[in-house]
Amino acid sequence: MTDAAMPDPAATDRGTAHRTAAPRPTADWAFLLWGDGAAGPAPRTSPAARLTAAAHTARALRDLSRHGWGAAQTRLRDLPVAPGAHRSLPEATALRVARRELPRCQLVIRLAAPNALCLARSFGLAVYLSAIGLPAETVIARQRSSIGARFAFHSWTELYGEVLNDVPVVQSGHTVLQRVGCAALH
């Protein structure tokens, strides 16, 4: 073979280096939100599970507005959970999945009940998370102290004792009156 017919080794190495090199890992920004204890990626929620959860949430919010809290809490307690849902996740991973799904659920709630107060928002989030297999609860509480003769009531969503849609200190200023969650997950 002549020199003109032989391939340039440097050109060959440059041409295949980009194809054979292992891809560099992309940055996982979860540690910024959850610290170094967030080992490994949280499992993804399928689009079908999200769509089903959104439909359950919209129906549940409609029941709450039309039939009141009694019918709504029955819907949450009796909610069917899809097979293959996020049922057996460790608590830390389940919390990461719940926080990742929170904006999607808030969009559904905003579309289904644009003027929703804390009870409807908390109830909607609990239904959404329960539908994807996370044992979320709607918590209804009364304020411990108040100015004047009236007590204020408030509602939020908890997963494994962690407040999802309010500030964590809300627990210390309120006395819990009721917790409602999906019976299939508890």
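Note that this is a predicted model, so its numbers are computed, not measured. Along the sequence shown, the residues carry numbers beginning at 1.
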> In the single-linkage hydrophobic clustering (I, L, V, M, F, W, Y; side-chain heavy atoms under 4.5 Å), do L129 and V108 co-cluster?
Replying inline: no

> Under a single-linkage rule joining Ile, Leu, Val, Met, Phe, Trp and Tyr whose side-chain heavy atoms are separated by less than 4.5 Å, which residues share a cluster with L111?
Replying inline: L107

> Checking side-chain contact (heavy atoms from CB on, under 4.5 Å) for the pair L89/R96: CA distance, chi angles, key distance, verdict?
Replying inline: CA-CA 10 Å; L89 294 177; R96 288 173 57 206; over 6 Å; no

>> According to salt bridge (Lys or Arg N to Asp or Glu O under 4.0 Å), does anything in residues 171-186 pair up with another residue at least two apart or in another chain? List the pairs.
In response: E137-R179, E158-R179

> What residues, two or more places apart in sequence or in another chain, satisfy side chain to side chain donor-acceptor pair (under 3.5 Å) together with T175?
Replying inline: R144

Using atom types as modelled, flag every donor-acceptor pair under 3.5 Å from a side chain in residues 160-169 to any protein atom, sequence neighbours excluded.
residue : atom : partner : partner atom : Å
N165    : OD1  : T157    : N            : 2.8
N165    : ND2  : S122    : OG           : 3.2
D166    : OD2  : H154    : NE2          : 2.5

>> Using the side chain to side chain contact (heavy atoms under 4.5 Å, CB included) criterion, which residues pair with C182? Sequence neighbours excluded.
In response: L79, V81, S130, A184, L185

>> With ring-ring contact (aromatic ring centres under 6.0 Å, His included) as the rule and sequence neighbours excluded, what pairs involving residues 60-79 come up?
In response: W69-F123

> Looking at residues at least two apart in the chain, or sitting in another chain, which of them share a side chain to side chain contact (heavy atoms under 4.5 Å, CB included) with A116?
Replying inline: I109, A113, A120, R121

>> Quick check: closest heavy atoms across T138 and A126, and the distance to 0.1 Å?
In response: OG1-CB, 3.2 Å

>> Looking at every heavy atom in both A72 and L64, which two are closest together, and how far apart are they?
In response: CB-CD1, 3.7 Å

> Which pairs, with at least one residue in residues 54-66 and sequence neighbours excluded, count as a side-chain hydrogen bond (donor to acceptor under 3.5 Å, both in side chains)?
Replying inline: D63-R75

> For residues 101-115, which residue pairs qualify under salt bridge (Lys or Arg N to Asp or Glu O under 4.0 Å), counting only residues two or more places apart or in two chains?
Replying inline: R50-E101, E101-R104

